[in-house]
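Heads up, the thing below is written out as structure tokens.
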Amino acid sequence: MIGGIDMRVSRLFFPSLRENPKEAETVSHVFMLRAGLVRKLASGIYTLLPIGYRVVKKIENIIREEMDAKGGQELFMPALQPAELWLESGRWYDYGPELMRLEDRKERTFALGPTHEEVITTLVRDNNRSYRKLPLLLYQIQVKFRDEIRPRFGVMRAREFIMKDLYSFDRDEEGMNRSYDAMYDAYCRIFKRCGLDYRVVEADSGAIGGDVSHEFMVLADTGEAEIAFCDSCGYASNLEKATDQLDPPEDAQEMDIQEVYTPNIKTIEELANFLAIDKSRTVKAVVYEAIYSGEKWNIVAAFVRGDYDINEIKLKNLLGCLYLNPATEEEVLSITPGGGGFIGPIGLKDAVVVVDESVMRMKNVVVGANKENYHLKNVNPQKDFPDDMKVADIRKVHDGSKCPKCGFPMKVRRGIEVGHIFKLGTKYSEAMNATFLDENGEKKYYVMGCYGIGVERTMAAVIEQLHDDKGIIWPMTIAPYHVIVVSVVVKDEQQRETAERIYSELINRGVEVLIDDRDESPGVKFNDADIMGIPLRVTVGKYLKEGKVELRWRRSGEVKLYSVNEIVDAVELAIKKEIDEINS
RNA sequence: CGGGGCGUAGCGCAGUCUGGUCAGCGCGCCUGCUUCGGGAGCAGGAGGUCGGAGGUUCAAGUCCUCUCGCCCCGACCA
């Protein structure tokens, strides 16, 4: 499957490191460096070394198989893209500084593609006219560029990285949904075949656009995203989008507003302590400046129940603004004389007031008085809050929040986003005027979807999940080699010959095998095999006197003795067994 | 971009505060011999314009100024 069938460690380019490199902190980054999978060229830019590249190719091939199985057709698109394409879709400005831009010698402007919606839409628009070819599922596996604000965790968030992208073109929404479901299914199979424990979550679609989207998240503490999920009913969502079940509206007698002196009490924590009440009896205020296109901006005061935080993504989507920044002190003072710490919804000047639904269900709550060192007690949102406020879901759910579907307490965990699928609808086909003719001769916009997988990131995610203190533990399906043959003492002629014989027999059987023929002490060879994560190790050593060699499983440490003429069968069987297990 | 930290041999570090045997240690690398079941021992050896540029000084890894790069924490994404 992967080229290069004869490989001995004495010739293999794998600069392994004994000590942890200073630049790496996460497990996957450390082991990728230490096992000689990658080397950094510059911040967020990596060379894939032979062992690392083998793993990448294996992951790519799994992806290819699953894409092809759903009718996907692979093509290859340029990384260098004329700026006009991006101006046409409107993303030249919307995409922001993350888009790598450059000029050629004639001062024509280009972008290095961070994604390929523009190119593919143009391609299909210019080369297909008919509904007969639909659905069209086109994909590519290639390098993409994003000028990340902060590259980190090695290959996990890089500026140049390999991505698989499939774009679906359908005649209508129903077709798009079918394509989407097929991809959803393919993605589940891909990540399973990579040996990953993952969750599919509902997601915000961000800069790509569209309404419905799912992310494939690998559970790991080093993940950059937070997800909320319910173990009872299966609800799962990116925290950016997650919501929860609210407590029923309170049914208390409404009391009269009362001003209370709260000297220098500025945080919810202090306020709850000072008044000896629960945080959920208070209302938290956060002030932002919302920036829309160009000069357009305003000040927004957002309110949630005291025990929640604001979900800035939800707020941003609600407002429809480009950026949401924390307000400066002057901005806060311009809307409330009390300054930060005493902000309440009543009596604010020139601010858009957004109140979370949770607050509207409360009675007799405590809010800031918009007056230094004072809060208001017994405020009743339904009655007392301003008429022109917006009520919406802008809260961030937390560990233990109630599942919106079944009410069970949810978990909040970190995850690595390895795949993301989107229903795009006609966003790009309309912007770029990509149409086809249906059977009635009517012009229609393509209804599109797009589906991405970060390839190196998937590799890193596997390491995050499958490792021990000795190194990587590759699943058989994506291991750089299935098995490594180690002779303990190379200078022992009998050991050397036996190892070589087993090695060439394994090659003949089509097994991906490595032989460690170096004149190193056994510990060195064992440790290199371990850190590299080869699933099986055949050790030719002290038992050879009895005509036996060992087969050792990297994952469990289990060792079995086989006679020299049984070992090749045993290896073949072990490989097949593990691959079948993962694929089943 | 804001906050924190770091650039001295391939990797990990000491030395910088308090200028003057400070060009050092461990690992790795090369040669030879002896070893060989979880990172072997002995002997010999190669390897650094101390990130870069200015400056202060009799003298600068060491002090000053500027610059470049890298890592970590926050806003973006596969």
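Labels below follow one simple rule: chain letters A, B, ... track the order of the sequence lines, proteins then strands, and each chain is numbered from 1. Below, all heavy atoms of this structure are taken into account, side chains as well, without hydrogens, waters or symmetry copies.
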Over all strands shown, is A:Gln495 touching base, sugar-phosphate only, or nothing at heavy-atom distances under 4.0 angstrom?
nothing

Considering every strand and a 4.0 Å limit on heavy-atom distances, what is the contact class for A:Gly454: base, sugar-phosphate, or nothing?
base

If you check the A:Glu98 side chain, which of B:C13, B:A75, B:C76 turns out closest?
B:C76

Which part of the nucleic acid does A:Pro21 contact within heavy-atom distance under 4.0 Å: base, sugar-phosphate only, or nothing?
sugar-phosphate

Quick one: which of A:Ile484, A:Val486, A:Asp517 gives a side-chain contact (heavy atoms from CB on, under 4.5 Å) with A:Lys525?
A:Val486

Distance between P atoms of B:G28 and B:A40 (Å, rounded):
8 Å

Using modelled atom types and a 3.5 Å cut-off, is there a donor and acceptor pairing between side-chain atoms of A:Arg518 and backbone atoms of A:Ser10?
no

Under a 3.5 Å limit for both distances, which nucleotide forms a Watson-Crick or G-U wobble pair with B:C1, could you say?
B:G74

Return the value, rounded to whole Å, for the distance between atom CZ of A:Arg518 and atom P of B:C30.
11 Å

In whole angstrom, give the distance that lies between atom CD1 of A:Ile149 and atom C1' of B:C73.
14 Å

Assigned glycosidic conformation for B:G47 [threshold 90° from 0]:
anti

For A:Tyr139 and A:Asp68, indicate whether the former's side chain and the latter's backbone hold a donor-acceptor pair under 3.5 Å.
no

For B:G48, the Watson-Crick or wobble counterpart (both distances under 3.5 Å)
none

Complementary nucleotide for B:C42 - Watson-Crick or wobble, under 3.5 Å:
B:G32

Please state how far atom NZ in A:Lys396 lies from atom P in B:A75, giving the value in whole angstrom units.
7 Å

Lys/Arg-Asp/Glu bridge criterion (N-O < 4.0 Å) met for A:Asp147, A:Arg101:
no

Given B:G37, B:C77, B:G39, the nucleotide with the shortest approach to the side chain of A:Asn527
B:G39

Just call it for A:Gly419: base, sugar-phosphate, or nothing, with non-hydrogen atoms closer than 4.0 Å on any strand.
sugar-phosphate

If you compare every side-chain N and O of A:Lys40 against the phosphate oxygens of B:C71 (OP1, OP2), does one of them come in below 4.0 Å?
yes

Grab the CZ-C1' distance between A:Arg152 and B:G5 for me, whole Å please.
16 Å

The nucleotide from B:C76, B:C11, B:C36 with an atom nearest the side chain of A:Val489 is B:C36

Using atom P in both nucleotides, what's the gap between B:U67 and B:U31 to the nearest angstrom?
47 Å

Indicate, with a heavy-atom threshold strictly under 4.0 Å, whether A:Ala24 touches base, sugar-phosphate, or nothing.
nothing

Nearest atoms (heavy-atom pairs only) where A:Pro535 meets A:Trp474
CG-O, 3.7 Å

As a test of reading the structure: which of B:C73, B:C77, B:C36 is closest to the side chain of A:Lys491, going by heavy atoms?
B:C36

Comparing A:Met163 and A:Arg159 on RNA chain B - which has the more 5′ nearest nucleotide:
A:Arg159

Base of B:C76 paired with side chain of A:Arg150 (donor-acceptor, under 3.5 Å):
no

Taking 4.0 Å as the cut-off, does a side-chain nitrogen or oxygen of A:Ser521 come that near to OP1 or OP2 on B:C36?
no

Start at the 5' end of RNA chain B and walk down; is the nucleotide closest to A:Glu23 or to A:Glu224 reached first?
A:Glu23

Value in whole Å for how far the P atom of B:G10 lies from NZ of A:Lys22
14 Å

Which whole number of Å gives the distance between the C1' atom of B:A14 and that of B:A23?
12 Å

For A:Ser43 and B:G69, is the shortest distance between a side-chain N/O and OP1 or OP2 below 4.0 Å?
no

Per the atom types in the model, does the base of B:G38 pair as donor or acceptor with the side chain of A:Arg554 at under 3.5 Å?
no

Looking across every strand, which nucleic acid part, if any, lies under 4.0 Å from A:Val524 by heavy atom: base, sugar-phosphate, or nothing?
base

Using side-chain contact (heavy atoms from CB on, under 4.5 Å) as the criterion, point out the one residue from A:Tyr184, A:Tyr451, A:Tyr167, A:Phe169 that pairs with A:Ser179.
A:Tyr451

Report the distance from atom CD of A:Glu148 to atom C1' of B:C72, rounded to the nearest whole Å.
16 Å

Checking all strands, does A:Ile421 fall into the base, sugar-phosphate, or nothing category for heavy-atom contacts under 4.0 angstrom?
nothing

For the rings on A:Phe216 and A:His420, is their centre-to-centre separation under 6.0 Å?
no

What's the closest nucleotide to the A:Asp519 side chain, out of B:C36, B:G39, B:C77?
B:C36

Starting from P on B:G37, measure out to CZ on A:Arg552 and report it in whole angstrom.
16 Å

Using the C1' atoms only, state how far B:G32 lies from B:A46, rounded to an integer number of Å.
15 Å

Checking N1-N3 plus N6-O4 or O6-N4 for Watson-Crick, or N1-O2 and O6-N3 for wobble, each under 3.5 Å, the partner of B:C63 is B:G55

Rounded P spacing from B:U56 to B:G47 in Å
34 Å

A:Phe526 has a side chain; which of B:G37, B:C29, B:G39 sits nearest to it?
B:G37

Does the B:G28 base have a donor-acceptor partner in the side chain of A:Glu19 within less than 3.5 Å?
no

Is it true that A:Glu550 and A:Lys560 make a salt bridge, defined as a side-chain N closer than 4.0 Å to a carboxylate O?
no

Using the P atom as the reference point in each nucleotide, state the distance between B:U62 and B:C17 in Å, no decimals.
9 Å

Shortest side-chain distance from A:Arg146, nucleotide among B:C11, B:U35, B:A78:
B:A78

To the nearest angstrom, how far is A:Asp528 atom CG from B:G28 atom P?
12 Å

Would you mind classifying the nucleic acid contact of A:Ala461 as base, sugar-phosphate or nothing, using non-hydrogen atoms under 4.0 angstrom?
nothing

Could you work out the separation of B:U16 and B:G74 based on their C1' atoms and round it to a whole Å?
32 Å

By the 4.0 Å heavy-atom rule, please label A:Tyr187 as base, sugar-phosphate, or nothing.
nothing

Do any N or O atoms from the side chain of A:Arg457 and from the backbone of A:Val418 form a donor-acceptor pair under 3.5 angstrom?
no

Looking at B:G28, I'd like to know if its phosphate oxygens (OP1 or OP2) sit under 4.0 Å from a side-chain N or O belonging to A:Arg18.
yes

